Amino acid sequence: MIAALRSGVAGGRLSGLLLVALPVALLIWLVLWPVLQAIVGTVYFPGTGFSTASYAYFFTDAYSLRNLWLTLWVTALTSVLRVAVAMPIALYLRFRSGPVAALVQALALFPMFVPSVLVAYAFIRVLGPNGIVDTILVALHLPKLASPYLTPAGPIIGLVWDGLPLTLLLLLSGLGRVSIASVDAARDLGAGSFTLFTRIILPRIQSSIIVTLAFNVLGLFSAFTLPFLLGPASPEMMGPYMQRTFSDNADPLNATTQAVITFAFCAAFGLIYVRAIAKGRKAPA
Amino acid sequence: MTDLATLPPSGALQAQQKRVRRRAPVDWTGFAFLIGLAVVILLPLVVTAVWAFAEVWRFPAILPQRVGLGYWQETLSRQDVWQALWLSLRITTTVTVISAVICFPAAYAFARLDFPGRNMLFLAFLSVQAFPKFGLIIATATIFLTLNLIGTFWGVVLIQLVGTLLYMIWIPVSAFQGVDRRLEEAARDVGAGPMRVFWSITLPQALPTLAAAILITFVNTFYETDAAWLIGLPNVRTMPMVMIAFINNALEVQYGAVLFVFLWVPSFLLMLAARRVMGADAFAKGLGG
Amino acid sequence: MAQVRLSGIAKAFGKVTALDAMDLVIEDGELVCLLGPSGSGKSTLLRLIGGFETPSEGTIAIDGVDVTRLPPERRPTAMVFQSHALWSHMTVHGNIAFGLKLRRLPRAEIRERVERVLDLVGLSGYGARLPSQLSGGQQQRVALARSLVIEPKILLLDEPFASLDQHLRERLRDEVRDIQQRLGITAVFVTHGQDEALAISDRIVVLADGRMQQVGRPGEIYAEPKTAFVAGFIGAMNMLDGTLADGEIAAGGLKLPAEGSGPARLAIRPEDIALSEPEEGRMVTVRRMIDFGSHVVVDSTLADGTHLRVQTDKAVRVEAGERVGIRVERWTVFAEGEEPRRYRSDTVRSFRDVRYA
Amino acid sequence: MAQVRLSGIAKAFGKVTALDAMDLVIEDGELVCLLGPSGSGKSTLLRLIGGFETPSEGTIAIDGVDVTRLPPERRPTAMVFQSHALWSHMTVHGNIAFGLKLRRLPRAEIRERVERVLDLVGLSGYGARLPSQLSGGQQQRVALARSLVIEPKILLLDEPFASLDQHLRERLRDEVRDIQQRLGITAVFVTHGQDEALAISDRIVVLADGRMQQVGRPGEIYAEPKTAFVAGFIGAMNMLDGTLADGEIAAGGLKLPAEGSGPARLAIRPEDIALSEPEEGRMVTVRRMIDFGSHVVVDSTLADGTHLRVQTDKAVRVEAGERVGIRVERWTVFAEGEEPRRYRSDTVRSFRDVRYA
Amino acid sequence: ATKLDLYTSSDANISDFFSNVVKPAFEAANPGVELNVVIARPAAALDAVVQRALAALASKSDPQLDVIEQYEPMLPAGGIEAGLWTDFQKAGLANYGAVNKLAIQTAYGLPYRGSQVLIAYDSTKLPKDKAPKTFADLVAWIKANPGQFIYNRPDKGGSGGNFINRVVHEVSGRDPQKFKVDNFNQATADEVLAKAWAVLNDIAPSLYEKGAYTSGNSASLQLLAQGAVTMIPAWSDQVLQAIAKGVLPETTGLVQLTDLALCGGFSQAVVPTNAAHRAEALKFADFMLSEEMQTAVIEKLGGFPGVDWSTLPQALHDKYADVIPSSIPTFPSGEWTKAVQDGWYRNVAPNISRT
Ligand SMILES: Nc1ncnc2c1ncn2[C@@H]1O[C@H](COP(=O)(O)OP(=O)(O)OP(=O)(O)O)[C@@H](O)[C@H]1O
Ligand SMILES: Nc1ncnc2c1ncn2[C@@H]1O[C@H](COP(=O)(O)OP(=O)(O)OP(=O)(O)O)[C@@H](O)[C@H]1O
Ligand SMILES: [Mg+2]
Ligand SMILES: [Mg+2]
């Protein structure tokens with residue numbers, strides 16, 4: 001029971017804790033505790049004591065670093081691309097309405113309902129070697145496309161497709177805080193669309209963009225399916241790399257180390273997210 | 001007193017002017033986006049749909065060389081596909097309902113109450129997404145083994161429930177924060193206790209955004225496989241598990257295509273339901289932007 | 001600096017006709033108020049002039065040039081929004097300078113003009129603040145400065161002070177009027193406060209349901225409303241349903257001389273009713289006396305229970321339940337399909353009236 | 001039906017003291033307005049009475065019972081919020097019936113009471129609509145009905161009509177007053193419209209910076225403000241800085257009899273200045289004449305440029321630039337640390353004044 | 001009925017074989033036992049299940065796992081030491097004696113079927129008589145036809161892995177016997193593998209997309225089916241079935257290298273010691289070695305028997321004489337495979353020249 005709604009009332013503290021108890025317990029039991037175990041497991045070895053050797057190995061192993069670097073790179077590029085693709089759509093949806101806009105919105109949100117395996121699968125059918133795009137090009141007597149399948153571009157395209165809806169929604173929510181009146185005011189003073197975007201809209205949704213990027217990063221960093229199915233064998237993204245280290249190399253220690261490092265990066269971005277939200281909440285709409 | 005001032009003559013002057021009705025400007029930008037998205041989003045889906053009916057389709061034919069319903073029959077007559085679909089729906093519904101029941105009040109507490117460790121606990125939910133799943137596998141498996149949850153319906157529900165925590169806490173929190181406090185105060189004012197206020201006022205008011213959270217949870221849970229593999233096998237086989245089995249290592253792409261098209265139906269229904277219950281902003285508001 | 005001519009303007013949003021068949025000329029240097037109930041199309045009209053909407057019919061000309069199809073950024077107008085719409089990520093200076101920067105003026109000039117306009121709106125020294133560090137009234141003044149600094153020919157104001165408190169609102173409206181006069185620009189001001197409209201406008205346009213009801217000087221509109229709607233909308237008014245017959249109108253137990261026959265509405269301003277010795281005229285019963293300090297309003301009932309508001313001198317004191325006499329000095333009769341007819345009783349006018357009338 | 005007694009109430013939010021040392025008794029059946037500038041603590045006071053905040057100091061008693069620690073649902077109060085705070089997911093009927101359902105009344109009775117209160121606020125037949133299908137004024141009336149239906153002993157209204165247009169606001173405020181009188185409940189009304197406060201309250205509490213400035217009947221507060229702040233805040237007022245010396249106050253070129261010495265503020269209501277023959281009194285220059293229909297305000301300047309507002313009869317006409325004489329009939333002098341002193345010139349009073357004064 | 005949980009992460013033809021052929025036969029032979037064929041794809045899912053079994057061993061609980069049709073018994077790390085897998089030599093299977101000795105790599109895995117990697121190619125683009133017959137021919141062909149050959153990642157499905165193993169054999173004197181489960185030696189490995197990487201890196205630029213590698217057997221077959229490449233290494237059973245199903249056109253050609261065949265492999269079934277139905281699981285293992293099942297492996301699956309040909313009827317032997325290779329070269333699992341796989345990722349895969 002909620003004993004009191006008001007903050008500062010003695011009952012509020014207890015009831016607050018009670019209300020969050022179940023999910024928090026679940027979290028601690030099945031996530032935080034295992035995470036802690038995993039982290040401890042990489043630095044403390046019964047019998048031999050503390051050692052950070054696995055981390056030292058990771059950060060000196062050129063191959064691992066290269067994978068990490070690729071992951072960062074793909075993550076960054078994909079996030080930026082998602083924002084770049086979603087931004088015009090979001091702008092359009094924010095400032096227009098009508099049946100066309102409704103359709104655009106429905107289409108742009110559809111990938112949310114397509115699981116990533118199917119994305120990979122459809123992708124190979126379309127952009128893969130001799131896929132439908134090639135077929136059409138050949139039918140038109142044009143040269144075939146250099147297929148992005150199995151190249152670094154493959155997972156990026158797939159991930160952009162897959163992540164479009166969430167990015168769009170996040171940006172839309174940011175744009176919701178840009179009042180139409182403030183845009184009208186700028187147009188009134190003579191601002192063209194470009195100035196409008198860079199000088200009025202962009203500064204207002206800065207925090208939303210950071211939020212969007214950080215949320216994207218969280219999901220992308222340990223992405224597995226799309227990089228594995230569409231990407232090149234090497235360098236690998238952290239997702240497939242961890243899996244391979246764990247299963248095929250039968251090397252749980254290093255796999256867990258990789259996981260902890262991934263976690264550290266995600267946590268850092270999580271913090272950025274939190275900060276951006278805090279900042280966005282403070283700023284008046 | 002003065003007489004009535006005569007109106008400016010402009011009215012009389014323009015009275016004879018013809019009424020020329022302008023057409024509303026055409027939304028060209030919209031059409032451009034529509035076409036762009038149709039190609040990017042729909043083409044892969046349509047191609048897959050065609051594959052579902054193709055029995056032989058080899059490059060460089062634009063259309064399949066042989067079409068038929070053979071794969072449909074083969075896929076849909078398989079007992080395990082239907083079982084898996086049914087099971088998946090059951091698991092997903094269960095997870096979503098439980099998640100809503102335990103998370104919404106918690107989200108409310110995060111949004112409105114002040115208690116020790118509030119911010120820290122709130123942040124901790126990020127770790128659900130931030131730590132790679134397989135890192136947790138052994139620990140989770142150990143925990144579940146001792147509880148005899150391996151291979152059981154409830155085991156899968158439990159593990160997937162954990163996966164829903166982030167969205168089901170974070171999105172509702174901002175939904176609740178978005179509910180005007182005065183609505184709650186007005187209810188207390190006419191005599192409603194806190195619990196009643198939550199159920200009668202806050203919850204329905206936040207509904208569009210909560211619906212967004214539920215939808216995301218439902219979709220994500222439905223398509224979740226990692227946790228389902230770990231805990232579900234050998235007895236619990238969900239739809240995406242069957243699907244991946246078909247797609248991943250099968251030679252015939254058609255099985256996957258058929259299932260893909262088959263799953264469009266629920267996706268479209270969800271999509272429609274989603275549009276009815278909430279606007280895009282409701283979704284988005286939930287994500288804290 | 002500019003004349004605005006609207007010819008046959010209509011605007012429909014889907015099935016809703018927000019404005020219909022508007023013909024209006026706003027003269028150079030004039031301040032025109034748009035007045036009307038909510039949803040009557042005031043904002044729509046303003047946005048049409050500003051270029052934020054395109055009319056479904058008709059044309060808009062500024063100084064004789066057809067601007068109907070020009071986007072806002074290419075019209076010599078500047079709009080002050082109800083929500084002030086300041087850009088919260090820019091300082092006051094940045095907000096005001098924005099329009100000038102777009103015009104690529106030299107820095108020094110921008111600085112100078114911003115200073116000048118800040119001075120004009122009484123905010124010198126506030127340039128470095130962020131909008132969030134200003135009070136509501138100051139924010140509105142910044143919005144005004146932002147519009148003024150680009151020296152628009154036409155200033156459009158959409159209920160700029162609606163959210164402010166009465167004191168502030170009065171002060172700001174006087175400021176706007178002063179500035180507009182000083183710069184000699186044309187201004188269109190939307191409001192739903194009648195006092196505001198009466199206080200600052202050269203002419204008032206009364207809108208209802210997307211149509212113009214009356215256009216005229218404030219006093220004129222107040223004193224000589226052309227329709228019963230305008231009569232009821234502008235200022236306090238007793239509106240009584242009555243019947244015309246035998247050179248009299250009978251309404252709510254009140255009989256006053258009037259021509260014509262058939263049903264009609266009797267309109268009497270509260271201040272056009274004088275209290276008198278009971279025996280002297282018609283009787284009313286006092287329900288309540290409201291002391292506004294500067295004047296007193298007596299809420300009373302006629303014989304048949306109809307309410308009648310009487311406004312009198314601040315020194316008057318009456319008790320609820322007391323019966324007092326009234327003398328109606330001026331009244332207007334609105335009969336369906338006819339011009340309103342105005343009447344006055346021949347009362348003696350005091351010294352001052354004679355001197356200043 | 002209830003008396004509210006606030007004793008030594010103070011409320012601080014962190015470092016901000018929103019209210020300080022409030023002692024106030026609101027009598028049974030009284031309608032009290034809280035008036036004050038933005039941020040003066042009006043809403044805070046109301047929310048303390050309603051139980052939405054707990055005072056940092058002091059106690060609140062209703063009918064002698066200490067309710068300081070009771071939550072809102074257990075106090076006999078009902079609040080009407082500025083934003084009406086209707087529950088958009090319920091129909092009008094649902095909104096109003098909610099409080100009754102909580103009291104587990106039988107269905108038939110709920111239906112009947114909702115009907116009755118809908119009738120009271122003039123919305124019979126609107127029960128099945130959603131709030132979004134009503135106009136702003138109708139929504140406010142539903143909010144009022146929702147509060148009234150539970151038959152509170154004390155009705156709290158926090159700027160309930162601030163967002164509505166003038167006409168609607170006036171109508172609703174009269175309705176609220178009527179209903180309150182009819183049901184005989186105690187009401188506390190927050191507003192920042194002085195006219196509103198003057199029009200409906202039995203007593204007005206003027207707040208500034210979290211402190212009570214003055215409590216009194218409307219006319220009293222208007223006519224006899226106790227501080228310069230109240231004088232300037234309630235109603236239009238000319239406030240001039242001046243100096244007392246030799247039995248006179250000299251301010252802005254104006255000299256009027258007054259006692260004392262040293263700096264002081266001279267307060268004159270616009271309607272306490274009469275225009276007169278130029279030779280007869282002091283001279284002012286007309287800047288602008290504002291015709292409000294029912295009266296005329298002349299904005300003028302004194303010899304040294306100080307503005308002076310003069311309110312006169314509606315029939316008066318003057319031109320900008322004209323020089324006219326004025327006669328000040330009443331004035332008040334506020335000197336630091338002293339009680340205000342009020343003066344009046346001995347002018348002849350007209351027949352009506354004598355009769356009704 | 002006792003439910004025996006049999007896991008497989010192999011390609012669809014294998015799981016279909018178990019569902020459609022083995023299951024009815026086994027259940028007929030063992031009334032009261034139900035064979036539950038559990039598909040755990042991708043392989044990572046099976047890894048999760050095995051981890052689970054190891055954890056179950058520690059906590060003495062039911063792993064919900066009785067048999068895995070094919071799993072690397074060397075995995076998971078520490079599994080054998082912990083006693084996770086049943087030692088078949090000591091399990092007392094009646095048919096264990098018949099098992100092809102060459103196929104046995106460790107006592108913890110039961111090689112019940114074999115298969116070999118072939119070269120599959122599109123005979124419309126490459127006439128049958130021009131198909132490469134030796135490793136040198138193959139390399140020459142790859143280089144002469146850039147972009148037309150692809151093999152999959154060594155750890156994903158095996159056809160690519162065995163192509164790589166063949167390279168290792170090539171650079172070490174074409175002697176499969178040099179590599180045994182228990183003779184791993186880092187120094188030799190470094191030396192031999194370095195040479196193998198050189199060969200693979202040499203052909204990499206001539207591969208599809210100048211060095212792309214598919215993520216599985218099926219993905220390679222699909223590229224061949226799409227006509228995107230001309231030649232791939234492929235499992236014999238899988239490619240035959242693909243042709244039969246029409247996934248690959250009739251014109252698909254198959255060829256085996258004659259100087260040394262590409263490696264084959266034997267699927268190793270494993271049974272955890274803590275399986276709830278270990279007795280039935282062992283019965284099943286024995287059943288898989290029976291003549292009936294071994295014949296089915298050959299006839300229905302197109303694979304090789306796990307038992308010595310000599311223990312099978314002569315008629316069968318005669319019938320399949322053409323496809324029975326004289327010997328199937330194999331490559332040992334465990335350390336050697338790990339070295340090859342991880343080494344490949346580190347040394348070959350990254351050298352993709354994108355210009
Ligand atoms: N963008 C729009 N889409 C659809 N209808 C609109 C739109 N803008 C205005 N309307 C409709 O047009 C009519 C006139 O609206 P407008 O905003 O001009 O009224 P207003 O006089 O400014 O009212 P208010 O005093 O409430 O601001 C209303 O019925 C309104 O609902
Ligand atoms: N919850 C709160 N937390 C912190 N400060 C508050 C809070 N509520 C009110 N205050 C502060 O207390 C003071 C009084 O606020 P209050 O809302 O009572 O003013 P008000 O008279 O109602 O003003 P307005 O006319 O603008 O509504 C203000 O300075 C305000 O900033
Ligand atoms: Mg408007
Ligand atoms: Mg307030």
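Being a predicted model, the structure only gives us computed values, none of them experimental. Letters A, B, ... mirror the listed sequences (proteins, then strands); counts begin at 1.
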(request) Would you mind telling me which of D:Arg146, D:Arg75, D:Met79 makes a side chain to side chain contact (heavy atoms under 4.5 Å, CB included) with B:Asp189? (result) D:Met79
(request) Decide, yes or no, whether a salt bridge links B:Glu185 with D:Arg47 under the criterion of side-chain N to carboxylate O below 4.0 Å. (result) yes
Minimum heavy-atom distance [X]-[Y], with the two atoms named:
X: D:Ala85; Y: B:Ala186; answer: O-CB, 4.2 Å
X: B:Pro194; Y: D:Glu73; answer: CD-OE2, 3.7 Å
X: B:Val190; Y: D:Ile150; answer: CA-CD1, 3.7 Å

(message) Could you check whether atom CZ of B:Arg118 has more than 12 heavy atoms from other residues, nucleotides or ligands sitting under 6.0 Å from it?
(response) yes
(message) With a 6.0 Å cut-off (strictly less than), is the heavy-atom count around CZ of D:Arg288, excluding the residue itself, greater than 12?
(response) yes
(message) Return the CH2 to OG1 distance between D:Trp87 and B:Thr202, rounded to the nearest 0.5 Å.
(response) 10.5 Å
(request) Could you list which of residues 94-105 of chain D have a heavy atom closer than 4.5 Å to any heavy atom of chain B, in residue-number order? (result) D:Phe98, D:Gly99, D:Leu102, D:Arg103
(message) Counting only non-hydrogen atoms closer than 4.5 Å, does D:Arg74 touch chain B with its backbone (N, CA, C, O), its side chain (CB onward), both, or neither?
(response) neither
(message) Check whether D:His89 reaches the backbone of B:Ser200 with its side chain - one donor and one acceptor, N or O, closer than 3.5 Å.
(response) yes
